[in-house]
Amino acid sequence: MAATAKRLALLSVLGQLQLLTLVTYAIPNTNLGRLRDLPLHVSTKKASFSESCELGPCRPRSGDLLIGREHQLSATSTCGSRFLPEREIVVSQNIACKRRRNKDLWWQSENGVEEVSITLELESHFEMSQLFMRFASPRPAAMLIEKSDNFGRSWRVYQYFARNCSQSFPGIPTGPRKSLADVICLSKYSSLEPISNGEVIYRVLPTGTGINGNSSKELFQKLRLTNLRINFTEFQRTWLEPQKMYYAVKSMTIRGVCSCNGHASKCLPVDDSTTTTTTTTNVSSWDTVGGSCACEHNTAGQNCERCKHGYYPDHLLKMSHPQACRRGFFL
């Protein structure tokens with residue numbers, strides 16, 4: 001029961017706090033309070049895709065995969081149980097960590113626990129374009145981001161981050177990335193400073209590198225996921241005092257869309273009471289991403305992965321082709 005309560009506390013606070021930073025990755029060092037009501041949107045669609053399925057391959061606009069999925073987020077460690085005194089940290093169903101002397105809210109790990117993971121379990125296949133995190137504590141000296149595209153049966157590393165890559169992750173190249181398949185270690189987001197409000201940003205398709213994966217199978221495989229795991233592995237020991245050895249995340253945003261094989265322009269909630277993605281209070285529905293595709297092009301399935309009844313696949317065409325499903329039978 002105690003573990004369940006801690007899990008619920010984490011889910012709630014991250015779900016509330018990530019809404020404050022929908023655009024901080026695009027506008028660094030900006031007053032978030034002044035921007036929280038702006039109609040923000042960062043598109044992840046490929047150049048060859050349209051938001052209208054009448055024009056050919058189509059793709060929904062991006063949103064925040066965390067909105068409405070607080071109950072699908074978990075952590076291996078949450079503060080307030082063993083190490084931190086109750087006068088400093090309050091844990092409840094609605095607030096994971098709240099300093100009484102400060103109105104700021106954040107999720108925080110237990111003091112002294114160095115290896116901590118935050119995991120998002122999705123109800124379907126999605127395509128993630130970007131992860132943004134803002135820390136209330138110093139950023140980890142080392143961390144890595146992993147994804148699964150088979151509901152957690154196997155995992156692959158997206159990227160490593162470390163203040164000293166050769167020491168924290170021996171043998172991992174430091175870049176630059178030359179292809180989407182490259183996995184590197186980056187030092188940019190692992191420095192000691194700033195002590196608070198530091199950012200970690202990961203883009204699946206990096207900007208300014210010349211890597212172009214538009215409409216490719218490689219890009220699709222890189223974007224597609226069912227689970228995301230963020231592993232904090234090392235403290236910033238040159239700063240932390242023994243009583244302050246923890247990680248604290250102030251906000252998190254995961255940009256992405258439902259994965260529809262090019263056959264939908266809208267993401268709908270999954271018709272299941274345990275996975276329905278509902279709009280979070282005071283958040284406009286345009287940024288919510290459902291887990292089921294509104295399939296067109298005579299396709300069906302949660303991800304438009306098959307032809308609808310009465311239509312059959314043309315095996316001369318890829319399933320992502322807008323005319324892949326036709327009446328009649330194709331050998």
Side-chain angles (χ1 to χ4, degrees), residues 41-65 67 69 120 122-131 147-151 156 158 179-181 202-207 211-228 254-272 275 277 285-331:
H41 169 59
V42 176
S43 176
T44 59
K45 60 184 179 182
K46 307 168 190 175
S48 59
F49 279 66
S50 167
E51 286 187 3
S52 172
C53 293
E54 296 179 358
L55 303 178
C58 51
R59 181 184 181 87
R61 68 178 183 178
S62 70
D64 189 345
L65 299 182
I67 296 179
R69 294 187 174 85
L120 175 65
L122 297 166
E123 70 274 16
S124 180
H125 283 91
F126 290 80
E127 296 174 20
M128 187 190 85
S129 59
Q130 182 168 272
L131 166 69
K147 72 125 177 187
S148 171
D149 59 9
N150 55 16
F151 298 97
R156 290 193 294 177
Y158 261 142
S179 72
L180 285 175
Y202 171 70
R203 297 181 178 89
V204 176
L205 186 61
T207 58
I211 297 176
N212 187 347
N214 284 349
S215 304
S216 71
K217 181 179 180 181
E218 184 182 33
L219 177 60
F220 177 74
Q221 292 176 341
K222 194 77 172 182
L223 293 169
R224 189 174 169 93
L225 81 167
T226 57
N227 307 68
L228 184 70
I254 302 173
R255 305 298 298 185
V257 298
C258 54
S259 183
C260 304
N261 289 293
H263 299 303
S265 60
K266 294 181 181 179
C267 301
L268 303 175
V270 174
D271 188 17
D272 186 320
T275 57
T277 53
S285 61
W286 66 265
D287 209 39
T288 303
V289 182
S292 183
C293 303
C295 299
E296 300 189 43
H297 301 154
N298 303 314
T299 61
Q302 195 158 295
N303 301 106
C304 308
E305 71 277 9
R306 64 178 186 272
C307 296
K308 71 179 185 181
H309 181 71
Y311 289 78
Y312 302 89
D314 184 341
H315 296 294
L316 297 178
L317 301 174
K318 295 181 179 179
M319 189 60 202
S320 58
H321 193 282
Q323 297 179 347
C325 295
R326 303 185 182 186
R327 287 191 180 277
F329 182 76
F330 291 86
L331 296 176

If we ignore hydrogens and angles and just use 3.5 Å, is the side chain of [X] paired with the main-chain N or O of [Y] as donor and acceptor?
| X | Y | result |
| --- | --- | --- |
| His297 | Cys58 | no |
| Asn261 | Asn303 | yes |
| Lys147 | Leu223 | no |

What's the separation between atom [atom1] in [X] and atom [atom2] in [Y], rounded to the nearest 0.5 Å?
| X | Y | atom1 | atom2 | answer |
| --- | --- | --- | --- | --- |
| Leu180 | Gln221 | CG | CD | 10.5 Å |
| Arg306 | Cys304 | CZ | SG | 9.5 Å |
| His263 | Cys295 | NE2 | SG | 8.0 Å |
| Leu65 | Leu122 | CG | CG | 6.0 Å |
| Cys307 | Glu305 | SG | CD | 10.5 Å |
| Leu120 | Ser148 | CG | OG | 11.5 Å |

Considering only heavy atoms from C-beta outward, does the side chain of [X] approach that of [Y] to under 4.5 Å?
| X | Y | value |
| --- | --- | --- |
| Asp314 | Gln323 | no |
| Arg61 | Cys267 | no |
| Phe126 | Cys258 | yes |

Considering all heavy atoms of both residues, which atom of [X] and which atom of [Y] are nearest to each other, and what is their separation?
| X | Y | value |
| --- | --- | --- |
| Gly290 | Arg69 | C-NH2, 3.7 Å |
| Val270 | Glu123 | CG2-CG, 3.7 Å |
| Leu228 | Ile254 | CD2-CD1, 3.6 Å |
| Gly291 | Gln302 | O-CG, 3.5 Å |
| Arg59 | Val257 | NH2-CG2, 3.7 Å |

Kindly confirm or rule out an SG-SG distance below 2.5 Å between Cys260 and Cys293. yes
Run the salt bridge (charged side-chain N to carboxylate O under 4.0 Å, His left out) check on Lys222 and Asp149 step by step: do they pass? CA-CA 9 Å; Lys222 194 77 172 182; Asp149 59 9; over 6 Å; no
Intermediate values then yes/no, side chain to side chain contact (heavy atoms under 4.5 Å, CB included), Arg327 and Asn298: CA-CA 9 Å; Arg327 287 191 180 277; Asn298 303 314; over 6 Å; no
Check the angle between the aromatic planes of His125 and Phe151 and answer parallel, tilted or perpendicular using the 30° and 60° thresholds. perpendicular
Check ion pair Arg255-Asp287 (N to O, under 4.0 angstrom): yes
